Every structure is written in structure tokens, then in C-alpha cells.
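Since this is a predicted model, take the numbers as computed values, not measurements.
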Amino acid sequence: MNLSEPVNAQAVGATVGKYRWTICALLFFATTVNYLDRQVLSLLAPDLSKEFGWSNTDYANIAAAFQFVYAISMLFAGRVVDKIGTKAAYVVAITVWSLGALMHAFSVPMGEGAGVLLGAFGIVAAPSILGFMISRAVLAIGEAGNFPAAIKATAEYFPKKERSFATGIFNSGANVGAILAPICVPLIAGIWGWQAAFIMIGMLGFIWMSVWITLYEKPDRQKRLTAQELAYIRSDLPAQPPQGQAPAGGKVSWLQLLKYRQTWAFAFGKFMTDGVWWFFLFWLPTYLSAQYGMKGDAIVVPLAVLYSMTMIGSIGGGWFPSYFMARGHAPYDGRMKAMLVIAFFPLVVLLAQPLGAISFWVPVLLIGVGASAHQAWSANIFTTVSDMFPQKSVASVIGIGGMAGGIGGVLLTKLGGWVFDYYKSVNDIRTGYMIMFGICALAYLVAWSVMKALVPRHKEITDL
């Protein structure tokens with residue numbers, strides 16, 4: 001394999017290797033584990049709330065602790081991934097988040113110990129709430145590394161025309177995790193207790209890590225890649241600078257990245273829409289419990305159906321821009337056209353409450369459409385970064401956007417807790433959910449409009 005030869009895209013044969021899809025499969029399983037670990041608490045929330053006497057606001061505070069730490073960690077996670085590389089960064093990330101998942105089983109004694117320390121400063125907090133907040137914070141620090149590392153790996157292993165499809169595939173791991181969690185978690189908790197659910201699910205990350213260490217290397221050092229596949233991967237990389245001219249390089253600061261409208265467009269899009277997915281992820285089991293009295297095994301099938309729908313959205317949304325690219329649109333322009341179409345689908349969530357009296361299946365299916373649209377949107381908004389920024393800064397920009405998305409998630413979660421407690425106190429919880437579903441439904445059109453205003457057409461960053 002001669003890496004010094006220039007890449008000629010037309011010289012790449014029709015048949016290339018498929019090892020890049022092995023990498024995509026690894027990213028898929030990492031994201032599945034990521035969301036399995038994340039979902040355990042939300043599925044146990046109705047029972048834990050009853051056991052520990054949590055209000056909606058208490059649960060919102062625990063969820064918001066995860067989102068706030070995740071938001072801050074995303075900013076630094078992107079820098080870490082760009083600095084130490086994809087392989088090492090993933091090892092660090094999954095080690096930390098798996099330990100955080102395991103810590104949930106010991107949240108109560110941890111909360112009691114932390115409460116003693118805080119009590120010395122006159123701060124009083126319920127041990128269960130404090131302990132779970134600590135566990136969620138550690139989980140968040142580790143999980144923040146998943147998407148910056150996965151997007152960077154995708155940028156390393158796929159040409160631009162395949163990136164949104166590959167992103168859609170690995171991002172569908174979130175949906176598989178959300179499907180498997182309602183099946184596994186109540187069963188494990190019912191047999192061995194809620195602590196065992198956190199421990200058994202948390203151990204999966206260490207199994208994945210051993211496979212990752214064995215199979216992943218950067219493409220130019222990957223012995224399993226054929227010369228043809230490497231050429232195909234590199235077929236749309238920017239041209240090398242003229243001989244004698246030093247390539248743009250070195251560390252790219254956050255301030256440098258923030259001067260580009262492309263960074264702000266991505267960050268705003270994440271701020272407006274990430275919270276919607278967080279809301280569905282954290283509040284759906286509570287919604288089915290509060291409005292339809294469904295608990296335990298009763299929510300398994302509805303959640304499995306809903307998240308199965310989101311797999312279609314993730315993979316289909318990843319493919320969708322290729323329809324426009326095949327008609328001559330640049331990758332970014334094709335993605336933005338696809339995202340505009342996708343942004344209209346969440347509007348059906350506005351009908352979830354008005355039609356919810358017919359059957360619980362009506363809101364489940366309508367929310368499923370909205371959640372599917374989110375995954376389709378997510379597969380594309382991530383890839384807009386690798387469309388416009390050089391590989392060395394992709395994870396850093398993803399981190400900035402991830403922080404913005406996490407902050408948006410904190411605000412929406414806290415708002416939800418306050419709204420639900422208020423409307424529960426006046427015996428009108430249906431109105432509370434109607435308000436929150438309305439926000440979720442409109443978020444994508446607002447996000448797209450601002451993103452398009454900031455970056456009206458494709459413009460690749462070449463001066464970093």
C-alpha cells in the first residue's frame with residue numbers, strides 16, 4: 001500500500017473493500033451500550049420515585065445533573081478526541097461511563113457519605129437524590145466522548161457521500177439500546193433488584209472495549225484495509241498544498257472555531273433539538289405511568305415499538321440526502337434540503353394529547369414519528385460538521401455543539417419538571433404534556449431556519 005501516491009477518485013475501482021463497515025458496526029454497538037446505560041434510570045424511575053419519595057422536580061434535577069455535566073464534558077471531550085486520537089479516546093470514554101453506570105447501584109450509600117460532607121457546610125440533601133446525581137455525573141463525563149469519537153471515526157473511514165448513511169447506521173444504536181432497555185431492565189430488576197440492573201448493563205462496555213482495541217486503527221495504519229478501499233476513503237479529501245508550502249496544522253482553539261458561522265449554525269441546531277430527544281428518553285416511561293397508569297412490563301411493548309420506529313428514521317434519514325446529491329447538490333446543500341423535509345414530521349406530536357383519549361397507542365405512535373424524525377435529523381446535523389471542517393477540528397466542533405445541545409436539554413428537562421409538578425398540583429397533567437409536546441414539535445423548524453440563515457450555502461473551511 002503506497003500512501004504517498006495521489007488519490008484519483010475515478011481510478012478507484014468499482015469493487016473496494018468493506019472494512020470501513022466493520023468500523024461502522026463497532027460504532028453502532030458502542031452507541032447501543034451508551035444508550036442502554038443511559039436508559040436504566042428512566043425505566044426504573046417510577047419505582048425508584050415511589051421507593052425514595054421523589055417528586056417530578058426531584059427526578060428532573062437528577063436527569064438535569066446528567067445533562068449539565070454532559071454538556072460541559074462534551075466541550076472538552078471533543079478536544080480530547082482531537083488531541084489523543086479516536087482509538088485512545090474511545091477507550092477512556094467507555095471506561096469512565098461504564099464505571100459511572102456501575103456506581104448507580106451504590107448511589108444510596110454514596111449519597112449518605114456525600115451528605116455527611118455537605119452537612120459540614122450546612123447543606124442538606126436527600127441521600128438518594130444526591131447519590132444518583134453523583135452517579136449520573138460520572139456517567140455523563142464518559143458518555144460525552146461517544147459522539148465526538150464516533151463522528152471523527154466516520155470522517156476518518158468514510159468519504160463524504162457515505163458519511164450521513166454511516167452516521168445514520170451507528171446512530172441507530174441509540175434506538176436499539178432504547179428498545180433493548182425496556183426488555184432487559186425490568187426483567188433484571190424484577191429478579192435480582194434494581195441495583196443488579198445497573199451492574200449487569202454497566203459491564204457491557206468493558207466487553208465492547210476489548211473488541212475495539214483489537215480492530216481499530218487509523219486508516220493509514222490499518223492493515224486490514226486494501227489499497228483500493230483506502231483510496232476510496234480518501235477520494236474526496238482536500239488537495240495537498242503545493243510542494244514547499246507547509247500544510248495548515250497545529251492546534252485549533254475554541255476561539256478560532258467560534259469565529260465561523262458554521263460552528264454557530266451547528267451549535268444552535270443542537271441547542272434547539274437535542275433536548276427533544278432527552279425529553280422523550282427521560283420522560284416517556286413517566287408519561288405512560290402518569291397518564292395511562294402503565295408500569296413495569298406494561299411499558300415494554302409500547303416503548304419497543306416506538307424505538308423500533310426511530311431505527312427507520314435514523315437509517316432512512318442518513319440515506320435521504322443522497323437523493324439530492326444524486327441530482328447534483330453538494331453534500332451540505334443536499335443535507336439541508338433533507339433536514340427541511342425532516343423538520344416537518346415532528347409537527348404530528350401536536351396531536352398526541354388531543355387524540356390520546358382514543359388509546360395510549362395514538363400518542364405512542366405519534367411520538368414515535370417525532371422521535372424518528374429526530375434521529376433522521378441527528379444523522380444529518382452531525383455530518384454537516386465533517387462536510388465543512390477539516391478532520392483535525394471535527395471532534396472539537398462536535399464538542400461545542402454537544403455542549404449547546406446539553407444546555408438545551410437541561411433547560412427543557414427542568415422546564416418539564418416544573419410544568420408537570422404545577423399541572424399535577426391543579427389536577428391537569430394533560431395540559432402540562434400538551435405544552436411540552438408543543439415545544440418539541442416546533443423545535444426543528446426553528447432550528448433549521450436559523451441554521452440556513454447563518455450558512456445559506458455550502459462553504460468549506462480551508463484556513464484552519
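- Between L366 and V348, the closest heavy-atom pair is O-CG2, 3.7 Å.
- With T413 contributing its side chain and V410 its backbone, the two residues share no donor-acceptor pair below 3.5 Å.
- The ring-ring contact (aromatic ring centres under 6.0 Å, His included) check on F420 picks up W283, Y433, with sequence neighbours excluded.
- Pairs engaging residues 272-282 under the salt bridge (charged side-chain N to carboxylate O under 4.0 Å, His left out) rule: K270-D274 [sequence neighbours left out].
- Relative ring orientation between Y19 and Y157 is described as tilted, the plane-to-plane angle lying within the 30° to 60° band.
- Pairs of residues two or more places apart, or lying in two chains, that qualify as salt bridge (charged side-chain N to carboxylate O under 4.0 Å, His left out) and include a residue from residues 16-36 are R20-E162, R20-E229.
- For F68, the CZ atom is loosely surrounded, since the number of other residues' heavy atoms within 6.0 Å does not exceed 12.
- Remark: side-chain polar atoms of W264 are paired, donor with acceptor, to backbone N or O of L258 under 3.5 angstrom.
- Between S128 and W54, the side chains place a donor N or O and an acceptor N or O closer than 3.5 Å (distance only, hydrogens not considered).
- Using a 4.5 Å cut-off on side-chain heavy atoms (C-beta onward), V369 and L365 make no contact.
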Requested in this report: Apply side chain to side chain contact (heavy atoms under 4.5 Å, CB included) to Q291 and F360, showing your working.
Outcome: CA-CA 9 Å; Q291 194 144 321; F360 70 85; over 6 Å; no

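- Atoms CD1 and CG, on I299 and L284 in that order, are 9.0 Å from each other to the nearest 0.5 Å.
- The minimum heavy-atom distance between A166 and T154, with the atom names listed, is CB-CG2, 4.1 Å.
- One distance of note links CG of L288 with OG1 of T286; it measures 9.0 Å at 0.5 Å rounding.
- Under the 3.5 Å distance criterion, the side-chain polar atoms of H104 are matched with a main-chain donor or acceptor of G100.
- Side chain of S55 to backbone of D58: a donor-acceptor contact under 3.5 angstrom is found.
- Screening residues 86-109 for salt bridge (charged side-chain N to carboxylate O under 4.0 Å, His left out) gives K87-E217 as the qualifying pairs, with residues at least two apart or on separate chains.
- S314 places a side-chain N or O within 3.5 Å of a backbone atom of G168 that can act as its donor or acceptor partner.
- Formation of a donor-acceptor pair under 3.5 Å by the S372 side chain with backbone atoms of M309 is found in this model.
- You'll find the ring centres of F158 and W21 inside the 6.0 Å limit.
- Note: F382 and F266 have tilted aromatic rings, judged against thresholds of 30 and 60 degrees for the angle between ring planes.
- With sequence neighbours excluded, the residues forming a ring-ring contact (aromatic ring centres under 6.0 Å, His included) with W212 are Y90, W208, Y216, listed by chain and number.
- In this structure, CD1 in I94 is found 10.0 Å from CD1 in I213, a value given to the nearest 0.5 Å.
- Using modelled atom types and a 3.5 Å distance limit, the side chains of W277 and S378 yield no donor-acceptor pair.
- Judged by distance alone, the side chain of Q67 and the main-chain N or O of G405 form no donor-acceptor pair under 3.5 Å.
- Residue pairs meeting the side chain to side chain donor-acceptor pair (under 3.5 Å) criterion with at least one partner in residues 36-45, sequence neighbours excluded, are N34-R38, Y35-R38, D37-W97, R38-E143, Q39-S42.
- The environment of K161 atom NZ is sparse: at most 12 non-hydrogen atoms of other residues, nucleotides or ligands sit within 6.0 angstrom.
- For the pair V211 and F29, the minimum side-chain heavy-atom distance is 4.5 Å or more.
- For the pair V397 and M388, the minimum side-chain heavy-atom distance is 4.5 Å or more.
- Within the 4.5 Å cutoff, no side-chain heavy atoms of Y59 are placed close to those of L48.
- When every heavy atom of L215 is checked against every heavy atom of Q222, the shortest pair comes out as O-NE2, 3.1 Å.
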Query - Residue pair N380, T383: steps toward the side chain to side chain donor-acceptor pair (under 3.5 Å) verdict - result: CA-CA 5 Å; N380 285 286; T383 319; 5.7 Å; no

Query - Working for side chain to side chain contact (heavy atoms under 4.5 Å, CB included), residues I381 and M451 - result: CA-CA 10 Å; I381 192 171; M451 290 178 69; 4.0 Å; yes

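- Summarising the local packing, CZ of F52 is surrounded by more than 12 heavy atoms from other residues, nucleotides or ligands at distances under 6.0 Å.
- Ring pair Y70/F66 is parallel by interplanar angle, where below 30° counts as parallel and above 60° as perpendicular.
- The two residues A101 and G202 make their nearest non-hydrogen contact at CB-CA, 3.8 Å.
- T263 places a side-chain N or O within 3.5 Å of a backbone atom of L257 that can act as its donor or acceptor partner.
- Contact of the F165 side chain with the S322 side chain is not registered, since no non-hydrogen atoms from C-beta on lie closer than 4.5 Å.
- Proximity of V276 to V349: side-chain heavy atoms (C-beta onward) are nowhere separated by under 4.5 Å.
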Report task. Kindly determine whether R136 and M133 satisfy side chain to side chain contact (heavy atoms under 4.5 Å, CB included), including the steps that lead there. Result -> CA-CA 5 Å; R136 297 307 279 178; M133 289 177 74; 5.7 Å; no

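- From F271, atom CZ reaches atom CE of M403 across 11.0 Å, with rounding to the nearest 0.5 Å.
- With S289 contributing its side chain and P285 its backbone, the two residues share no donor-acceptor pair below 3.5 Å.
- The side-chain heavy atoms of I151 and V81, taken from C-beta on, include no pair separated by under 4.5 Å.
- Taking CG of N61 as the reference point, atom OG1 of T57 lies at 6.5 Å (rounded to 0.5 Å).
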Requested in this report: Could you check V33 against N146 for side chain to side chain contact (heavy atoms under 4.5 Å, CB included), going step by step and ending with a plain yes or no?
Outcome: CA-CA 10 Å; V33 173; N146 183 68; over 6 Å; no

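- Taking all atoms of both residues into account, the shortest heavy-atom contact from S393 to F389 is OG-CB, 3.7 Å.
- Considering every non-hydrogen atom in both I179 and M311, the closest pair reads CD1-SD, 4.0 Å.
- Counting only heavy atoms from C-beta outward, the side chains of L306 and W361 never approach each other to under 4.5 Å.
- Between F132 and W194, the two ring planes are tilted [angle within 30° to 60°].
- Here I342 contributes atom CD1 and T273 contributes atom OG1; the two are 11.5 Å apart, rounded to the nearest 0.5 Å.
- More than 12 heavy atoms of other residues, nucleotides or ligands shown are found within 6.0 angstrom of CZ on F206.
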